[in-house]
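What follows is a set of notes on a single structure, which appears directly below.
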Amino acid sequence: MIEEPYRWVEAIANRREYIEDQLRLGSPVVLLNYADGLLLLTVSRETCKIFEIYDRVAFAALGHPADIERMRLVAIDLAHTEGFNRAAADVSLRRLVNFGMSPALKTAFEQVFSAPYIVKMLLVELGDDSEQDSIVKLDYDGSFAHSETETKEPFDALAGGNEAQKAMLDYLVEHNGNPRRTLEDALKLAAKTWAVGMDMAEQGQDKTGEATEKREIEPEKVLKEYLKARHVEAAVLDRSRPATGKFRLLDEKEIRAALKDL
Amino acid sequence: MDHPLPIPQFLHDGDFLSVLKAHGYEIAPRLAEAAAKFQQEMSDGGIATEGTTVLAVKYKDGVLVAGDRRATAGNLVMYERAEKLINIDERSILAIAGVPAVAFEMARVLEHSFKYYQRSQLQEMSTAGKVRSLSKLLKENLPLTLQGVGMVVPIFATYETADGKDSGGKVYFYDALGAQFEGVDYAASGSGSLAVRSVLHYLNTWGGKPLAKYNESEIVVAALRLLDTAADSDTATSGYNPKSNIFPTVRVVTKEGIHEIPESELGRMYRSEV
């Protein structure tokens with residue numbers, strides 16, 4: 001019966017609803033530029049959600065851990081075979097997403113009889129200078145948005161639901177300030193933005209369908225509450241690193257020092 | 001049903017060669033190709049090149065690795081600016097002696113294998129694992145070595161910091177068949193290595209203080225003198241070439257990573273010490 005076009009559309013719509021429902025409460029991810037490069041931050045319970053893909057490419061995601069892991073390995077395999085067969089300079093985020101991951105995800109999404117990938121991703125590539133940095137959001141259905149053409153901003157936010165995502169982006173636009181900020185300042189702003197997004201995601205869960213009016217919250221307080229059961233996870237792509245690999249996971253001490261007087 | 005994503009269905013063990021294999025790349029034929037090219041060029045009397053003297057010595061802060069710049073084919077000097085040291089990761093250097101075509105292919109495979117392992121497994125490969133990877137590549141190259149066309153005899157120098165512990169500099173050398181040996185204080189390879197090893201033994205035993213106590217500038221001067229000594233008797237090794245201002249490559253691997261000694265500093269040392 002799925003052969004009938006109408007049924008197929010219905011099946012896809014159900015699938016979409018199911019996935020988005022699963023993703024809604026996922027811990028958001030914040031991407032923010034700072035003086036030496038790009039910072040990725042999230043607050044997680046246990047599993048790591050920010051990863052290195054290649055010398056200048058990093059990956060953060062929310063969704064089912066097993067699906068995140070699969071997509072991460074797909075990206076790593078594609079990047080490393082390309083880097084080996086051609087050169088490190090030929091590994092580009094645009095090609096990785098547009099020609100590799102996106103078509104594969106779309107195919108997987110439309111096979112309604114197999115389990116879908118429950119995952120939303122944010123991929124970033126560090127350019128030679130901040131003008132050439134590139135950010136892509138890639139969805140479970142293979143659709144993607146490049147910062148060059150869409151937001152044109154050197155920061156971004158990824159959340160399970162659109163409301164939370166919008167709240168975070170609004171917060172970032174409002175508090176953006178100096179793009180040459182230090183890593184410490186970037187950590188503070190990113191952590192607060194995360195709190196805004198997570199709070200919105202959980203509030204959205206409580207209410208019954210109605211759009212909330214803009215809530216005034218104190219991100220610092222909200223963040224402190226969350227940090228009782230979770231920890232901040234952050235990584236940078238750092239242009240000033242002498243090694244070819246620009247990715248570095250920040251250690252707990254560094255993060256705690258930056259966030260202690262919030 | 002075929003899986004829509006190119007996802008490994010087996011347990012992912014971080015082995016880059018098996019990923020390459022899935023994409024149709026086999027290491028042995030590639031090495032054979034490189035060696036065949038070398039043989040062809042040899043028989044044409046053309047541009048086939050061979051490596052010469054490389055050495056690695058442990059000192060106070062880590063390991064020094066140095067190599068001369070001359071590439072030869074038979075009795076001809078082919079190239080005076082060959083690079084024989086290849087950085088494999090943040091704290092490892094491969095120094096090659098033998099056929100560059102094969103050695104560079106090995107270096108490329110190693111570099112990506114280590115990177116791939118670290119990124120997919122989220123931990124760095126152990127030093128023993130890295131050393132073993134190179135040994136496996138040399139074994140793949142065994143048929144060519146036996147034919148006498150693609151022999152590579154590398155040195156692997158690394159600074160071990162895995163698992164947060166700091167075990168200092170390590171030096172490994174290989175025979176062409178892939179057997180690996182750990183050098184206690186130093187290792188040398190290539191046609192000029194006999195002279196270098198003899199002098200290193202002398203210095204280490206009767207030179208006043210053991211090599212492991214040398215500081216950076218002392219060990220760099222020693223390396224320059226050693227390459228000069230090797231060049232004195234071995235035509236396939238070049239020392240400092242003042243006419244065209246060509247210096248050997250000298251790098252140190254320490255806790256902080258790899259640092260190349262700049263030519264300006266080498267020039268100063270040559271003038272005052274060598």
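By convention in this document, chain letters (A, B, ...) are assigned in the order of the sequence lines, proteins followed by strands, and residues within each chain are numbered from 1.
With a threshold of 4.5 angstrom between heavy atoms, A:L249 does not approach chain B through any atom at all. The contact between B:H23 and chain A is made entirely by side chain atoms (from C-beta outward), counting heavy-atom distances below 4.5 Å. Proximity to chain B involves both the backbone and the side chain of A:Y54, based on heavy atoms less than 4.5 angstrom apart. For chain A, no part of B:I258 is nearby; none of its heavy atoms comes within less than 4.5 Å. Contacts of A:F51 with chain B are made by side-chain atoms alone, with heavy-atom separations under 4.5 Å and no backbone atom involved.
Atom CD of A:Q132 is surrounded by more than 12 heavy atoms from other residues, nucleotides or ligands within 6.0 Å.
At least one cation-pi condition fails for A:K120 and A:Y140: the charged atom is not both under 6.0 angstrom from the six-membered ring centre and inside a 45 degree cone around its axis. Relative to the ring axis of A:F109, A:R15 places its NZ or CZ within 45° and under 6.0 Å from the centre.
Paired with B:L110 under the rule side-chain contact (heavy atoms from CB on, under 4.5 Å), one option of B:S133, B:P154, B:S92 passes, and it is B:S133.
Most heavy-atom pairs under 4.5 Å with chain A: of the set B:E111, B:E90, B:R119, B:R108, this distinction falls to B:R119.
Checked by atom type, the side-chain pair A:T42/A:E233 shows no donor-acceptor distance below 3.5 Å.
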